[in-house]
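Just so we're on the same page: letters track the sequence lines, and every chain starts at 1. Atom set for the values below is all heavy atoms of this structure, side chains included, hydrogens, waters and symmetry mates excluded.
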2 protein chains.
Amino acid sequence: MGRRITPMGNTDDRTGQRIVPETTRRAERSPGNRYGNRPTMKDVAARAGVGLKTVSRVVNGEPGVTPDTERRVQEAIDALGFRRNDSARVLRKGRTASIGLVLEDLADPFYGPLSRAVEEVARSHGALLINGSSAEDPERERELALALCARRVDGLVVIPAGSDHRYLEPEIRAGVATVFVDRPAGRIDADVVLSDNFGGARDGVAHLIAHGHRRIGFIGDMPRIHTAAERLRGYRAAMEDAGIPVEDRWMSLGVTVPERVRRATQEMLSGPDPVTAVFTGNNRVTVTVVRVLAEQSRQVALVGFDDFELADLLRPGVTVVAQDAAALGRTAAERLFRQLDGGFVAPERIELPTRLVERGSGELPPAR
Amino acid sequence: MGRRITPMGNTDDRTGQRIVPETTRRAERSPGNRYGNRPTMKDVAARAGVGLKTVSRVVNGEPGVTPDTERRVQEAIDALGFRRNDSARVLRKGRTASIGLVLEDLADPFYGPLSRAVEEVARSHGALLINGSSAEDPERERELALALCARRVDGLVVIPAGSDHRYLEPEIRAGVATVFVDRPAGRIDADVVLSDNFGGARDGVAHLIAHGHRRIGFIGDMPRIHTAAERLRGYRAAMEDAGIPVEDRWMSLGVTVPERVRRATQEMLSGPDPVTAVFTGNNRVTVTVVRVLAEQSRQVALVGFDDFELADLLRPGVTVVAQDAAALGRTAAERLFRQLDGGFVAPERIELPTRLVERGSGELPPAR
DNA sequence: CGCGCACCTGACAACGTTGTCCAGGCTCTA
DNA sequence: TAGAGCCTGGACAACGTTGTCAGGTGCGCG
C-alpha cells in the first residue's frame with residue numbers, strides 16, 4: 001500500500017513549531033468497566049465541599065444557587081474536567097434528545113442533502129442525529145430501527161427498504177415518534193412524506209410525447225420499491241393519456257447496477273423499431289444511460305427522474321424531473337418534532353411536488 | 001405550497017387493500033417522564049414468574065437458564081413488547097457501542113462515502129454511528145464533539161473545522177478514542193488520517209507544466225483550512241521545480257461559493273497575460289470553474305483536486321487528482337477500533353496516496 | 001426580641017440494567 | 001443413604017443522574 005506513516009508529534013499549523021503536549025496519555029481503562037474513571041458529580045461535590053444536588057443545579061443552570069457557591073462548583077468542574085454523563089441523565093429523564101434516521105445509503109448523493117436537512121431540524125430542537133444505512137435490505141432496516149429504539153431515541157425517520165413495518169408497532173405505541181420519508185410505510189398507519197412520483201413521471205413522459213416521441217423506453221429500479229412502481233405507473237398513465245399502446249420491450253425494471261442498465265438501454269435502442277426517447281427512473285440509472293447514449297451515433301431524447309449535479313453541463317443538458325431531497329428531509333423532521341412536542345397527531349400522507357427542469361435532452365425531436 | 005396532504009389509511013403495496021390496523025395509537029406520554037410506560041425487565045419477570053436476573057440472562061443469551069424457563073420468559077417478552085433499555089445498560093456497563101463522527105457537511109458529495117465507510121466499519125464492530133455537521137464552524141465542531149462525549153461515545157472521528165483541539169484533551173485522557181481525518185488535529189497529539197494533499201497537488205500542477213503550460217492559476221479554499229494550504233504548497237512546489245516564478249494574481253484563496261470562484265476565474269482569464277491553465281483546489285471549485293470555462297471561447301486546461309461523478313462525461317473530460325474518500329473513512333475507523341480494542345496505541349499520521357486521473361482537460365495544450 | 005418567611009442546600013429515592021454472591025435443589029458417587 | 005458438587009434462580013447493590021422534600025440559615029417585620 002502506498003500509504004505513508006510517520007510517528008506523531010504534531011506541528012502547529014501556524015507557527016510550524018513542534019508541539020509536544022505534556023500529557024495526552026490515554027487513561028488505562030480499568031478492566032471491565034468505567035469510563036476511564038471519569039469524575040462524577042459526587043467527585044465534584046466532594047471537591048467543592050457542597051452537596052450532590054447543588055452540583056446538579058449548577059450544571060443544569062437551575063436557579064437557587066448563590067454566586068459564591070456556583071463559583072466554587074464551577075472551579076471544581078474545571079479542575080476535574082467533569083462532563084455530565086448524559087446516559088445517566090437520559091435514564092432519569094426519559095428523553096434522550098436524539099432521533100434516529102434509517103436511510104438507504106449515505107453515499108448516495110440523493111440522501112446526503114436529505115440527511116443534512118433532518119440534522120438541521122434536529123439541531124434546532126437541540127437533538128442529535130443517529131443514522132444508519134439499510135443498504136436496501138429489509139432485515140437490516142429492521143435491525144437498525146430496533147437498535148435505535150433500544151437506545152431510546154425520541155423519534156425515528158425511516159426511509160423504508162422493506163414493505164412491512166408492523167415490527168414498529170410496539171415502539172410507536174410506547175411513544176416513539178415515527179415518520180417515513182421517500183417511500184410509504186408498509187402495513188402500519190404512520191406519517192409519510194413523499195415526492196409526487198406518479199405525477200412527476202407522468203409529466204416527464206408527457207414532455208417527451210409533446211416533443212413528438214411515441215416509442216419511449218422506461219428504465220427503473222426494482223418494482224418492489226414503491227418509488228419505482230409509482231414512476232412506472234406515471235409512465236403508463238402518460239402513454240395511455242396519449243393513446244400510445246406500451247410494448248413490453250420498452251420497459252425494464254431491476255437493480256440499478258450499471259451493467260444491467262447498460263444492457264437494457266442497448267436492447268431498447270437496437271432492433272427494428274428502437275425507442276427514440278428514454279425515461280429513467282432515478283439518478284443512478286440516468287447517469288448510466290447518459291454514458292450509453294454518449295456512445296450512440298443517433299440522438300436519443302432523455303428525461304430522468306431526480307436532478308443531479310452537472311446535469312446542466314452535459315451536452316445536451318439533461319432534462320430532469322427534480323425532487324427536493326432537502327425539503328423531504330426537512331418536512332419529515334418537522335413533522336416528527338410536531339409529534340414529539342404536541343403529543344398525538346393523526347397520521348398524514350404529505351406529498352411534495354416535483355419540478356420539470358428542461359435542459360435540452362428532453363427536447364430533442366425523434367431521430368430519423 | 002404545492003403539497004398534497006391526505007388523511008392516512010394506508011393501502012398495502014401488493015394487494016392494494018386498505019389496511020386499518022386495529023390499534024396503532026400512541027400511548028399518552030405520562031407528564032414528566034417515562035418512555036410511555038414501557039415494560040421493564042421487572043414487568044417481564046413478574047409476568048413470567050421468575051426473578052429479574054433471569055430475565056436479564058435470557059435477554060443477553062447468558063447460560064444458566066433451563067429451556068423451559070427461557071421459553072416462559074420469551075413469551076412474556078413478546079407479550080409485553082419488551083425491549084431492553086440500552087441507556088440503562090450503558091450506564092451499567094460503561095461502553096456505549098457507539099462512535100461519533102463530526103464532519104463538515106453531510107450534503108457534500110465528498111463526505112457521503114467517507115461517512116458511509118466509517119459506518120460500515122462501526123457496524124462490523126457492532127457499533128452505531130452518531131454524526132453531525134460542523135458547517136466549517138470551529139465553535140460548532142467543539143459543541144458537537146463535546147456533546148458526543150457527554151453521550152459517552154466510545155470513540156470520535158473528527159474532520160476538523162478548527163485548528164485548536166486542546167478542548168478534547170480531558171476526553172482523550174478519560175478514554176475516548178479519537179482519530180482525525182482529512183485534516184490534522186491542532187495542538188494535540190492524536191491519530192490523523194490524511195490524503196497526500198501536497199503531493200497530489202504538486203503532481204497535478206506538474207502534469208499541466210508537462211503539457212506546456214507556464215501561466216497556471218490556482219483557485220482554492222480558505223488558507224486556514226489545512227488541505228487548502230497543503231494544496232497551495234504543492235502548487236508552489238511544482239512551479240518552483242519547473243523554475244516558473246509565480247505571480248500573485250494567479251492565486252486566489254477564499255470561500256468556495258460560486259460567485260467568488262467565478263470572479264476569480266474570470267480575472268485570471270482576462271488582462272494582458274492570462275493564465276492558460278487552472279488548477280482547482282477542491283470539487284466545489286472545480287465544478288464552478290468548469291461552468292466558467294464552458295462560457296469561454298478559448299480553450300483553457302484544467303486539473304482539479306477531488307474526483308466527482310460525471311467528470312468523464314464532460315467534454316473535455318475533467319482531469320483530476322483523485323483521493324479515496326471511502327479509504328480515508330475506513331482507515332480512520334479501523335484505527336479507532338484498534339485503539340478501542342487494543343488499549344493505548346502511539347498516535348500516528350497516516351497519509352494515503354492520491355491518483356492522477358487523465359481525462360482530457362489537463363492535456364489541452366496552451367491556447368495561442 | 002421573636003416569629004415567620006424566603007431562600008439555599010443537601011439527603012434520599014428512583015430510573016432500568018448488570019455483576020456478585022448465595023441459597024436451594026438436583027444428580028452422581030462412595 | 002449421605003455427602004459433595006453442580007446447576008439454576010433470585011436478592012441486592014451499583015452505575016450517575018435528577019426530582020422530591022425537609023432542614024437550616026438569615027433577614028425583615030411586628
Could you check how far [atom1] of [X] sits from [atom2] of [N], rounded to whole Å?
X       : N      : atom1 : atom2 : answer
B:Arg57 : D:dG10 : CZ    : P     : 9 Å
A:Leu52 : D:dA22 : CG    : P     : 19 Å
B:Arg72 : D:dT8  : CZ    : C1'   : 12 Å
B:Met41 : C:dG19 : CE    : C1'   : 13 Å
B:Leu91 : D:dG16 : CG    : P     : 7 Å
A:Lys93 : D:dT17 : NZ    : P     : 13 Å
B:Arg38 : C:dT17 : CZ    : P     : 10 Å
B:Glu62 : C:dC21 : CD    : P     : 15 Å

Output yes when at least one side-chain N/O atom of [X] is less than 4.0 Å from OP1 or OP2 of [N], else no.
X       : N      : answer
B:Thr69 : D:dG9  : yes
B:Asn60 : C:dT18 : yes
A:Thr66 : C:dC8  : no
A:Ser56 : D:dT17 : no
A:Thr54 : C:dT9  : no

- Message: Categorize B:Val50 for me: base, sugar-phosphate, or nothing, with a 4.0 angstrom heavy-atom threshold over every strand shown.
- Response: sugar-phosphate
So does [X] pair up with [Y], basic N to acidic O under 4.0 Å?
X        : Y        : result
B:Arg152 : B:Glu171 : no
B:Arg116 : B:Glu120 : yes
B:Asp68  : B:Arg72  : yes
B:Arg71  : B:Glu75  : yes

- If you fit an axis to the five pairs at each end of the helix from C:dC1-D:dG30 to C:dA30-D:dT1, how big is the angle between those two axes, to 10 degrees? 50°
- Could you tell me the separation between the CZ atom of A:Arg92 and the CG atom of B:Leu91, rounded to the nearest 0.5 Å? 12.5 Å
- Report yes or no: is there a donor-acceptor pair, N or O only, under 3.5 Å between the side chain of A:Arg92 and the base of D:dT17? no
- Message: Base of D:dG19, side chain of A:Lys53 - is there a donor-acceptor contact under 3.5 Å?
- Response: yes
- Item | Geometric class of the B:His165/B:Phe180 ring pair [parallel <30°, tilted 30-60°, perpendicular >60°] | perpendicular
- Note, B:Leu128 side chain near A:Leu144 side chain (heavy atom, < 4.5 Å): yes
